[in-house]
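In what follows, a single structure is set out as structure tokens and then discussed.
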Amino acid sequence: MKPQETEFTREDLLNGKRPGQRATILAPKGEDPERERQEIVFKEEAERRLDLTDVRDRLAGKEGDAFWQSLEELSENPEFTELMAKEFPRLAPDAGTVDRRVFLKLMGASLAMAGLTACTRQPTERIVPYVRAPEEFVPGTSTYFATAMPLGGYAMGLLAESHMGRPTKVEGNPDHPASLGSSDAIAQASVLGLYDPDRSQTVKSQGRDSSWSSFRNTLQAQLAAQANVQGAGLRILTETITSPSQAHMINAVLDKFPRAKWVQYEAVSRDNTRAGSKQAFGEYVDTIYRFDKADVVLALDADFLGEGPGHVRYARDFSTRRNVAVEGTKMNRLYTVESVPSVTGLTADHRLPMRSVDIESFVRALARELGIDAPGADLTDEQTEWVKTVADDLSAHRGAGLVVVGERQPAVVHAIVHAINAALDSAGNTLSYVEPVEARPEDQHAALRELVDEMDAGNVRMLLMLDTNPVF
């Protein structure tokens, strides 16, 4: 129904509103002429009810499928139809009517300004061939060089393919024991970082371009101030260091500043693994697994095929026991107990889904089945049956069994697993223990908390972070 147009004074309008009518307000004399006639429309707010009979009759007369998203669309509510006419009704401002001539002027100016950028003359550049070409360099022929990519302190040997001096592809180095010619997704994606436009091209100082000489002068001035107090306010924060040469240089700095401290931190650290080895052996040790010699493997919340130090080599060793086409190969058997699906879990012959916090009870029950004193376990009947089956299989393959635990499990679980592997005679057969690869193993989370406490107390005057970003 089209609203009726009726004239009201301001007093009439205030005395009683009549929805559904269009009112023309007569402004009192003396006010702004532009407000002399203000038009206001009152819309009915009464609830519109959906007439199902009318809807059925309307749909019955249509052919083919009819779809709608809401009852408002089905009832063809005029307000809803007007609302849907705009793509983003809540975000679009009420710009009013735009004159066609003004619109064409703005669009023409925008196109003209955009075209001006193509008129810029670029500086003349000359392409000069090599005066003295690198040895064995042939244009159009790819070259390869050996490199390594560290992750969490552990390096993976790679071969980088280069075209005209630009790396384009990386693959595993077949002569490197950690890769044997294979690589993982992180290594494959690493080449993209070389062409990241957000990488810094120069030294930055407070967001502005600087130089190495300026950085060196600033650093030396700060170190000179610390020399008077033997580096009491100096802290060095790095990622996990396994490089002997880099560790030697940092220790040389600590010798010059004896009161300074060196802190290592990884966002995904191996603190639980370190602490578990220290509980079991009284010192930090690293475990090297030999999956190619294991007949039965139990993985406890451990994705040794998809992540962690040496996982590329472990995947190759494990797969050799799955290639039954090779004469004399005896297929291994893999049990997995984990909380979330993983590459190892999908490969397992038998998989038991279990909450991560309950795996400790599973390990304690398994240890008792193997004759190890490990009190405390609360398992279901299915989990108890699993423990007995796995224990019988591992016992039947002493010297060829292997239990692997993930780094997310607490230190006590790692310590119990060391005892289980010792009871299975795994040491020297399916695994071996070596000195830590890290230059200085430590509880990294505890060291970082101590650093933060010292910074809050104002004891840190200079923090030097090398290739690490704990905030990120």
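Position 1 is the first residue of the sequence; numbering continues from there. In this text, all values refer to a predicted model and were calculated from it rather than measured experimentally.
- The shortest distance between side-chain heavy atoms of L300 and V404 does not fall below 4.5 Å.
- Ring pair Y314/Y289 is perpendicular by interplanar angle, where above 60° counts as perpendicular and below 30° as parallel.
- In summary, D393 and R333 engage in a salt bridge, as defined by a charged side-chain N under 4.0 Å from a carboxylate O.
- Under the 4.5 Å side-chain criterion, counting only non-hydrogen atoms from C-beta, L194 is not in contact with R166.
- When all heavy atoms are compared, the tightest approach of D425 to N429 is O-ND2, 2.8 Å.
- Here the side chain of R321 pairs a donor or acceptor atom with the backbone of A294 at under 3.5 angstrom.
- Residues L379 and A365 approach most closely at CD1-CB, 3.6 Å, considering heavy atoms.
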Next item on the list: Carefully, step by step, assess M156 and V312 under the rule side chain to side chain contact (heavy atoms under 4.5 Å, CB included).
Entry: CA-CA 9 Å; M156 179 187 303; V312 175; 3.5 Å; yes
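- In this structure, CG in D301 is found 10.5 Å from OG1 in T336, a value given to the nearest 0.5 Å.
- To the nearest 0.5 Å, atom NE2 of residue H445 and atom OH of residue Y265 are 4.5 Å apart.
- In this structure, P441 and R274 approach most closely via the heavy-atom pair CB-CD, 4.2 Å.
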Item checked: side chain to side chain contact (heavy atoms under 4.5 Å, CB included) assessment of Q444 paired with L448 -> CA-CA 6 Å; Q444 296 186 355; L448 184 66; over 6 Å; no
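- No donor-acceptor contact under 3.5 angstrom links the side chains of H397 and D295, judged on distance only.
- Put simply, the side chain of D358 never gets that close to the backbone of M354: no donor and acceptor are under 3.5 Å apart.
- E307 and R408 are joined by a salt bridge, as a carboxylate oxygen and a charged side-chain nitrogen come within less than 4.0 angstrom of each other.
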Next item on the list: Evaluate side chain to side chain contact (heavy atoms under 4.5 Å, CB included) for T430 paired with F291, printing each intermediate quantity in order.
Entry: CA-CA 7 Å; T430 58; F291 289 97; over 6 Å; no
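- With contacts defined as side-chain heavy-atom distances shorter than 4.5 Å, the pair V452/R449 does not qualify.
- Judged purely by atom type and a 3.5 angstrom limit, N421 has no side-chain atom pairing as donor or acceptor with the backbone of L402.
- The distance from the NZ atom of K388 to the CG atom of L366 is 13.0 Å, given to the nearest 0.5 Å.
- Nearest heavy atom pair, residue T468 against residue L237, reads CG2-O, 3.4 Å.
- Side-chain contact annotation: Y154 with R270, donor-acceptor N/O pair under 3.5 Å present.
- Side-chain atoms of S361 and D378 form no donor-acceptor pair, as typed in the model, at a separation below 3.5 Å.
- No side-chain heavy atom of Y433 sits less than 4.5 Å from a side-chain heavy atom of I288.
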Margin query: With salt bridge (Lys or Arg N to Asp or Glu O under 4.0 Å) as the criterion, how do R440 and E438 come out once you've worked through the C-alpha distance, each side chain's angles and the decisive distance to 0.1 Å?
Written below: CA-CA 5 Å; R440 196 181 69 174; E438 302 173 17; over 6 Å; no
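- One distance of note links CZ of R355 with OG of S339; it measures 10.5 Å at 0.5 Å rounding.
- Within a 6.0 Å sphere centred on NZ of K204, heavy atoms belonging to other residues, nucleotides or ligands number more than 12.
- Under the 4.5 Å side-chain criterion, counting only non-hydrogen atoms from C-beta, W386 is not in contact with T384.
- Between the side chain of S179 and the backbone N or O of G157, at least one donor-acceptor pair lies under 3.5 Å.
- With respect to L334, the side-chain contact (heavy atoms from CB on, under 4.5 Å) criterion is satisfied by exactly one of D349, V296, L298: D349.
- Checked against a 6.0 Å centroid threshold, the rings of F304 and H311 do not count as neighbours.
- Ion pairing between a basic and an acidic side chain is recognised when a charged N comes within 4.0 Å of a carboxylate O; R351 and E338 show such pairing.
- The closest donor-acceptor contact from the side chain of T242 to the backbone of G153 lies under 3.5 Å.
- Between the side chain of R461 and the main chain of A225, no donor-acceptor pair closer than 3.5 Å is present.
- In summary, E171 and K169 engage in a salt bridge, as defined by a charged side-chain N under 4.0 Å from a carboxylate O.
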Notebook entry, point to check: What do the steps show when you test Y335 against V403 for side chain to side chain contact (heavy atoms under 4.5 Å, CB included), and what is the final call?
Noted result: CA-CA 9 Å; Y335 298 90; V403 181; over 6 Å; no
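- Other residues, nucleotides and ligands contribute more than 12 heavy atoms inside 6.0 Å of the CG atom of L466.
- Sparse packing is recorded around CG of D381, with 12 or fewer heavy atoms of other residues, nucleotides or ligands lying under 6.0 Å away.
- The residues R235 and E454 are annotated as salt-bridged, a charged nitrogen and a carboxylate oxygen being separated by less than 4.0 angstrom.
- The shortest distance between side-chain heavy atoms of T320 and T329 does not fall below 4.5 Å.
- Rounding to the nearest 0.5 angstrom, the gap separating the CZ atom in R364 from the CD1 atom in I416 is 4.0 Å.
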Next item on the list: Assess whether side chain to side chain donor-acceptor pair (under 3.5 Å) is satisfied between T202 and D209, documenting all intermediate values.
Entry: CA-CA 6 Å; T202 60; D209 292 343; 3.1 Å; yes
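- Side chain of H414 to backbone of G406: a donor-acceptor contact under 3.5 angstrom is found.
- Here the side chain of E369 pairs no donor or acceptor atom with the backbone of A391 at under 3.5 angstrom.
- Annotation: side chain of Q264 is in contact with side chain of E442 (closest heavy-atom distance under 4.5 Å).
- In this structure, N272 contributes its side chain and Q409 its backbone to a donor-acceptor pair below 3.5 Å.
- For the pair P174 and L159, the minimum side-chain heavy-atom distance is below 4.5 Å.
- Put simply, the side chain of D303 gets close to the backbone of T344: a donor and an acceptor are under 3.5 Å apart.
- Across S205 and S210, no two heavy atoms sit closer than the pair CB-CB, 3.9 Å.
- Between L180 atom CG and D317 atom CG the span is 7.0 Å, to the nearest 0.5 Å.
- Nearest heavy-atom pair, V170 versus Q188, reported as atom, atom and distance to 0.1 Å: O-NE2, 3.1 Å.
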